[in-house]
Amino acid sequence: MTSRIIDLLRFLGPRATRTLNQPNAWATISLWRRFFQLQEDERLEEQREIEEILDEIFSAPTMRPIATQENHDLRATVLEEHYRDLREQGAAYQARMEALRLRELQQIRQPNLAIPNGDTYVSLPQ
(Lines give C-alpha, C1' and ligand atoms only; values in the text may rest on other atoms or scores of the structure.)
Protein backbone atom coordinates (compact mmCIF):
# COMPACT_ATOMS: atom_id res chain seq x y z
CA MET A 1 0.00 0.00 0.00
CA THR A 2 2.81 2.33 0.86
CA SER A 3 4.41 1.75 -2.52
CA ARG A 4 1.14 2.66 -4.22
CA ILE A 5 0.93 5.93 -2.34
CA ILE A 6 4.53 6.74 -3.21
CA ASP A 7 3.83 5.93 -6.86
CA LEU A 8 0.75 8.13 -6.74
CA LEU A 9 2.75 11.02 -5.26
CA ARG A 10 5.44 10.58 -7.87
CA PHE A 11 2.80 10.65 -10.56
CA LEU A 12 1.01 13.71 -9.20
CA GLY A 13 4.07 15.53 -7.90
CA PRO A 14 5.88 16.37 -11.16
CA ARG A 15 2.61 17.07 -12.91
CA ALA A 16 1.55 19.55 -10.25
CA THR A 17 4.85 21.41 -10.46
CA ARG A 18 4.54 21.59 -14.27
CA THR A 19 1.16 23.23 -14.10
CA LEU A 20 2.47 25.85 -11.71
CA ASN A 21 5.38 26.72 -14.00
CA GLN A 22 3.26 27.08 -17.16
CA PRO A 23 2.01 30.54 -18.17
CA ASN A 24 -1.58 31.55 -17.87
CA ALA A 25 -3.69 29.60 -20.37
CA TRP A 26 -5.83 32.66 -21.11
CA ALA A 27 -2.75 34.66 -22.13
CA THR A 28 -1.61 31.86 -24.43
CA ILE A 29 -5.02 31.60 -26.03
CA SER A 30 -5.24 35.36 -26.54
CA LEU A 31 -1.82 35.36 -28.29
CA TRP A 32 -2.88 32.57 -30.62
CA ARG A 33 -6.27 34.24 -31.22
CA ARG A 34 -4.45 37.39 -32.36
CA PHE A 35 -2.16 35.33 -34.62
CA PHE A 36 -5.09 33.55 -36.27
CA GLN A 37 -6.99 36.83 -36.62
CA LEU A 38 -4.02 38.37 -38.49
CA GLN A 39 -3.83 35.33 -40.76
CA GLU A 40 -7.54 35.59 -41.50
CA ASP A 41 -7.19 39.32 -42.27
CA GLU A 42 -4.33 38.63 -44.70
CA ARG A 43 -6.33 35.88 -46.40
CA LEU A 44 -9.36 38.16 -46.77
CA GLU A 45 -7.19 40.95 -48.19
CA GLU A 46 -5.69 38.59 -50.78
CA GLN A 47 -9.18 37.39 -51.67
CA ARG A 48 -10.36 40.99 -52.16
CA GLU A 49 -7.39 41.73 -54.42
CA ILE A 50 -8.10 38.64 -56.52
CA GLU A 51 -11.77 39.61 -56.79
CA GLU A 52 -10.82 43.11 -57.97
CA ILE A 53 -8.49 41.70 -60.63
CA LEU A 54 -11.14 39.26 -61.84
CA ASP A 55 -13.73 42.04 -61.94
CA GLU A 56 -11.41 44.11 -64.13
CA ILE A 57 -10.82 41.18 -66.45
CA PHE A 58 -14.48 40.26 -66.84
CA SER A 59 -15.68 43.85 -67.13
CA ALA A 60 -13.51 44.39 -70.23
CA PRO A 61 -15.38 44.71 -73.53
CA THR A 62 -16.30 41.34 -74.94
CA MET A 63 -15.72 42.28 -78.58
CA ARG A 64 -12.78 40.40 -79.99
CA PRO A 65 -10.00 42.64 -81.34
CA ILE A 66 -9.99 40.82 -84.68
CA ALA A 67 -13.66 41.60 -85.25
CA THR A 68 -13.23 45.38 -85.38
CA GLN A 69 -13.92 47.19 -88.63
CA GLU A 70 -10.40 48.62 -88.76
CA ASN A 71 -8.80 45.18 -88.60
CA HIS A 72 -11.23 43.86 -91.20
CA ASP A 73 -10.23 46.70 -93.57
CA LEU A 74 -6.53 46.06 -92.92
CA ARG A 75 -6.92 42.36 -93.77
CA ALA A 76 -8.72 43.21 -97.00
CA THR A 77 -5.97 45.69 -97.94
CA VAL A 78 -3.21 43.14 -97.27
CA LEU A 79 -4.97 40.56 -99.43
CA GLU A 80 -5.45 43.04 -102.26
CA GLU A 81 -1.76 43.99 -102.16
CA HIS A 82 -0.73 40.34 -102.10
CA TYR A 83 -2.77 39.46 -105.19
CA ARG A 84 -1.62 42.66 -106.95
CA ASP A 85 2.00 41.66 -106.29
CA LEU A 86 1.32 38.18 -107.65
CA ARG A 87 -0.10 39.62 -110.88
CA GLU A 88 2.82 42.02 -111.29
CA GLN A 89 5.39 39.35 -110.56
CA GLY A 90 3.86 36.91 -113.01
CA ALA A 91 6.08 38.11 -115.88
CA ALA A 92 9.15 38.33 -113.66
CA TYR A 93 8.45 34.83 -112.37
CA GLN A 94 8.23 33.45 -115.90
CA ALA A 95 11.53 35.12 -116.85
CA ARG A 96 13.25 33.74 -113.74
CA MET A 97 11.98 30.22 -114.43
CA GLU A 98 13.19 30.45 -118.04
CA ALA A 99 16.67 31.50 -116.87
CA LEU A 100 16.79 28.59 -114.41
CA ARG A 101 15.69 26.17 -117.14
CA LEU A 102 18.39 27.44 -119.53
CA ARG A 103 21.06 27.11 -116.82
CA GLU A 104 19.94 23.54 -116.13
CA LEU A 105 20.16 22.65 -119.85
CA GLN A 106 23.66 24.18 -120.05
CA GLN A 107 24.81 22.11 -117.06
CA ILE A 108 23.44 18.95 -118.68
CA ARG A 109 24.87 19.62 -122.19
CA GLN A 110 28.18 21.21 -121.18
CA PRO A 111 28.99 20.15 -117.64
CA ASN A 112 31.82 21.89 -115.81
CA LEU A 113 33.97 19.02 -114.64
CA ALA A 114 36.84 21.15 -113.38
CA ILE A 115 37.84 19.99 -109.91
CA PRO A 116 39.97 22.32 -107.80
CA ASN A 117 43.34 20.86 -106.83
CA GLY A 118 45.29 23.54 -104.99
CA ASP A 119 46.02 26.33 -107.52
CA THR A 120 45.20 24.17 -110.55
CA TYR A 121 42.17 22.26 -111.73
CA VAL A 122 41.81 18.64 -112.73
CA SER A 123 39.66 18.55 -115.86
CA LEU A 124 38.21 15.06 -115.46
CA PRO A 125 37.05 13.39 -112.27
CA GLN A 126 39.45 10.67 -111.23
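For the single chain, residues carry numbers from 1 onward in sequence order.
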Look at [X] together with [Y] and state whether they make a salt bridge at an N to O cut-off of under 4.0 Å.
X: E98; Y: R101; answer: yes
X: E45; Y: R48; answer: yes
X: E40; Y: R43; answer: yes

Once you round to the nearest 0.5 Å, how far does [atom1] of [X] lie from [atom2] of [Y]?
X: L74; Y: T68; atom1: CG; atom2: OG1; result: 8.0 Å
X: L105; Y: R103; atom1: CG; atom2: CZ; result: 12.5 Å
X: E104; Y: R109; atom1: CD; atom2: CZ; result: 10.5 Å
X: D55; Y: I50; atom1: CG; atom2: CD1; result: 12.0 Å
X: Q39; Y: R34; atom1: CD; atom2: CZ; result: 12.0 Å
X: R96; Y: Q94; atom1: CZ; atom2: CD; result: 10.0 Å

Pairwise side-chain contact, L44 with Q47, heavy-atom cut-off 4.5 Å (strictly under)
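Of all side-chain heavy-atom pairs linking Q47 with L44, at least one is under 4.5 Å.
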
Establish whether L100 and I108 are linked, either directly or via other cluster members, by ILVMFWY side-chain heavy-atom contacts under 4.5 Å.
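Cluster IDs for L100 and I108 differ.
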
Check this for me: E51, atom CD, are more than 12 non-hydrogen atoms of other residues, nucleotides or ligands nearer than 6.0 Å?
yes

